[in-house]
Structure formats: C-alpha cells, structure tokens
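A quick write-up on the structure given underneath.
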Amino acid sequence: MIHSLFLINASGDIFLEKHWKSVVSRSVCDYFFEALERATEPENVPPVIPTPHHFLINVLRHRIYFVAVIQSEVPPLFVIEFLHRVVDTFQDYFGVCTEAAIKDNVVVVYELLEEMLDNGFPLATESNILKELIKPPTILRTVVNTITGSTNVGEQLPTGQLSVVPWRRTGVKYTNNEAYFDVVEEIDGTYTFDPVTKLLSWDVGKINPQKLPSLKGSMSLQTGASKPDENPTINIQFKIQQLAISGLKVNRLDMYGEKYKPFKGIKYMTKAGKFQVRT
C-alpha cells in the first residue's frame, strides 16, 4: 500500500522520510514540487498526483506537506485519512506538530511510524494503543534514556488490542458514563456588491451578539517578496464556540450496545473556511 512517506516544509525541503517496503528515491517528489509551483495557494495542491510509476497522495497540516508514495491503486481517501491520523498522533504526543518538534523527537517519530504501518498497511492507529507501545516523551524519560540507553518502547503488549472497542482498555470502569459529540461547520460565506456605495458585504449568516467570533488574521506573502507598504491581502480565520451558524440542531442521539445509561452531550462550533479581506 504505502511504500514511503516524505515530510516537506514550507520552504520545499524534505526534512524527514520513512520507507516501509522499498526505498523510493527522493526524486519522485519532483512531481509534487511541479504541482506546488503551479498552485496559486499552498492548500491548492492536488491531493493526488499521478506519476509514471507511482501515485503521490498528500495533505497539508501545520505548514508541512505529508506526501505518501503509492505504487498500486488504492482508495485515496483511505490514505488521506491515515495521513491525518499521523498528524493527530504527532500533535497528541508532542503538543504541536511542527518541523522543530518532529526533529527534536525524531526517534519517537520513527518508532510511531513503524508501529502505525506494518509493511505499508495501517496497523495500530489508536492513540490509546500507541501510548502503551511507545511511551510519550518527557524530560525525565529523555534524560533516563540518554543515561541508560533505553528507549520509549513499552515492555508489554497494549491491553486495548484485546478490547472490543479499540480505543478503550479492557476492564475499564467509570463512575460517570458520558458521551460527547462535536458538530463542526465550516463556512466560506457569500458576498454582495453595491455598485452605488461601492460596498462589498460578506454574509455569513445570523450571529448571536452574545457569542461573537474571535478573529485572527494572517498576511500571505510570496517567497522572496518584500513587505508591502499598504493594502495587503489578509486571510481571516474565526471560530464561534457553541453555535451552528446554519441552525443545524441534533434532535435525538441514541447509543446502542451499552447496558448503562450514559449522559449524552453535543458541542457546536462554527469555523471559517476561506476568507480574504482586501484592504
């Protein structure tokens, strides 16, 4: 399935690679770099890039491209979901998924990738199981490993693999049984332009004045471009907690296969899609 994985930073440098079945030359990433040059925005790179002998499937998370090399035809969404799971695992282990964090914990990264894929096929992807196989890095554990020469690899097989529910250990009992589900909406917005007043208005729906969004902006500059004096284009992101701007509501939530009566909760959140403010 997955033969190799390349991690590429925003500057176009391959700073980490992992091979499972056979070593694939870095030159295969040239097709990815060509697609990156043709893309108008970093996130507009095609997720699937065919080459004469391989398929390149990539995702962009935290300014890092995760590029998987496939030799046979597989469902692309399956590989994309796995790549997102890799990013989520790194973030769970290291707190952040950045180039610096990955380089600082490169040994743990390779141990995780070795457990998550077996001969190129997904094996252990649940965080609960991985943390029993590979202990999360801490300052004390790092010092002890440096002195004793030991590793973060656990000595016992994870109990989660014996459970009917893979993300939960066997024999776990809780005093409170709660189940929470997130409803996340992503909106791009629509706009209207008044030729008389020359006013461009974005319509993102009705927002509760008691739950106003917090806006965060970032200015995008091309590589090598000088800082603009005025009128920059700003990419806007916002999140509105506990609000589904479309008005979508969960009317009923049922759980099956459990003998106890759990408390069920729903959390709503609206976040920005692609917004640009031209000043």
Side-chain angles (χ1 to χ4, degrees), residues 1-94 96-127 130 133-134 137 145 151-153 220-225:
M1 185 179 170
I2 299 179
H3 280 66
S4 301
L5 175 66
F6 295 94
L7 271 58
I8 304 174
N9 59 21
S11 302
D13 299 325
I14 301 174
F15 66 92
L16 187 139
E17 60 184 273
K18 170 65 177 173
H19 308 279
W20 283 274
K21 292 188 175 182
S22 59
V23 178
V24 178
S25 174
R26 286 189 172 192
S27 61
V28 72
C29 294
D30 292 343
Y31 297 94
F32 171 80
F33 293 134
E34 293 175 1
L36 181 60
E37 291 179 358
R38 293 192 297 266
T40 56
E41 297 289 341
E43 61 270 15
N44 291 339
V45 177
V48 181
I49 303 173
T51 72
H53 304 288
H54 305 87
F55 292 95
L56 305 182
I57 301 179
N58 70 91
V59 298
L60 173 63
R61 294 279 301 273
H62 307 289
R63 298 174 58 85
I64 299 176
Y65 289 99
F66 292 75
V67 183
V69 181
I70 315 296
Q71 283 192 344
S72 58
E73 189 171 342
V74 298
L77 290 179
F78 187 77
V79 180
I80 290 174
E81 175 62 26
F82 174 78
L83 293 178
H84 282 294
R85 184 61 63 91
V86 170
V87 179
D88 294 339
T89 301
F90 289 170
Q91 193 164 4
D92 188 25
Y93 264 73
F94 313 135
V96 293
C97 182
T98 62
E99 180 180 356
I102 293 175
K103 287 182 177 179
D104 291 342
N105 300 276
V106 65
V107 175
V108 179
V109 167
Y110 277 108
E111 290 173 345
L112 287 172
L113 293 176
E114 195 65 36
E115 295 294 340
M116 296 183 73
L117 278 185
D118 181 18
N119 197 29
F121 291 88
L123 178 62
T125 58
E126 293 292 341
S127 177
L130 287 171
L133 289 169
I134 310 296
N145 291 345
T151 65
N152 291 347
V153 179
S220 300
L221 298 177
Q222 294 183 353
T223 304

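Basis for what follows: all heavy atoms, side chains included, without hydrogens, waters or symmetry-related copies.
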- Note on the structure: So CD of Glu115 and OG1 of Thr125: to nearest 0.5 Å the spacing works out to 12.0 Å

- Task: With rounding to the nearest 0.5 Å, note down the distance linking CD in Glu126 to CG in Leu133.
- Result: 12.0 Å

- Distance-only, no hydrogens or angles: does the Arg61 side chain make a donor-acceptor pair with backbone N or O of Val87 under 3.5 Å? no

- Where is the tightest heavy-atom contact between Met1 and Pro122, given as atom of each residue plus distance? SD-CD, 3.7 Å

- Does Glu34 reach the side chain of Arg38, with side-chain heavy atoms less than 4.5 Å apart? yes

- Side chain to side chain, Val108 and Leu112, heavy atoms closer than 4.5 Å: yes

- Query: Out of curiosity, Ser4 OG to Arg26 CZ, how far, rounded to the nearest 0.5 Å?
  - Reply: 11.5 Å

- Task: Taking the side chain as every heavy atom from C-beta outward, state whether Ile70 and Ile2 have any atom pair closer than 4.5 Å.
- Result: yes

- Minimum heavy-atom distance between Glu114 and Trp20, given as atom pair plus value: CA-NE1, 4.4 Å

- Is there a donor-acceptor pair closer than 3.5 Å between any side-chain N or O of Tyr31 and the backbone N or O of Pro52? no

- Query: So, do Leu83 and Leu5 sit near enough that their side-chain heavy atoms are less than 4.5 Å apart?
  - Reply: yes

- Message: I need the Glu99 CD to Ile8 CD1 distance, nearest 0.5 Å.
- Response: 11.5 Å

- Nearest 0.5 Å, what's the OG1-NZ distance between Thr98 and Lys103? 10.0 Å

- Message: Would Met116 and Arg85 count as a side-chain contact (heavy atoms from CB on, under 4.5 Å) here? Give the steps.
- Response: CA-CA 10 Å; Met116 296 183 73; Arg85 184 61 63 91; 4.1 Å; yes

- Query: Quick one: does Tyr110's side chain get under 4.5 Å of Leu16's, heavy atoms only?
  - Reply: yes

- Task: Using modelled atom types only, decide if a donor and an acceptor are shared between the side chain of Asn9 and the backbone of Ser11 within a distance under 3.5 Å.
- Result: yes

- Item | Plane angle bin for His19 and Phe6 - parallel if under 30°, tilted between 30 and 60°, otherwise perpendicular | perpendicular

- Test side-chain contact (heavy atoms from CB on, under 4.5 Å) applied to Tyr65 and Ile14, Leu7, Leu36, the passing residue: Leu36

- List the steps, then state whether side-chain contact (heavy atoms from CB on, under 4.5 Å) holds for Leu56 with Val69. CA-CA 5 Å; Leu56 305 182; Val69 181; 3.8 Å; yes

- Of the non-hydrogen atoms in Phe55 and Ser72, which two are nearest, and what is the gap between them? CD1-O, 4.3 Å

- Query: Side-chain contact, heavy-atom cut-off 4.5 Å: Asp104 with Phe94?
  - Reply: no

- Task: Kindly indicate whether the side chain of Val45, heavy atoms from C-beta on, has any atom under 4.5 Å from the side chain of Leu60.
- Result: no

- Message: Within the supplied structure, the quantity of interest is the number of heavy atoms (other residues, nucleotides, ligands) at a distance under 6.0 Å from Arg63 CZ; does it exceed 12?
- Response: no

- Item | Heavy-atom side-chain contact between Tyr93 and Asn105 under 4.5 Å | no

- Closest non-hydrogen atom pair between Pro76 and Ile57, with its separation: CA-CD1, 4.0 Å

- Task: Apply the test side-chain contact (heavy atoms from CB on, under 4.5 Å) to residues Thr89 and Ser127: give CA-CA distance (whole Å), side-chain angles for both, the deciding distance (0.1 Å), then the verdict.
- Result: CA-CA 7 Å; Thr89 301; Ser127 177; 5.8 Å; no

- Heavy-atom closest contact (Ala124 atom, Leu130 atom, distance): O-CD2, 3.5 Å

- Between Asn58 and Pro46, is there a donor-acceptor pair closer than 3.5 Å when you use the side chain of the first and the backbone of the second? yes

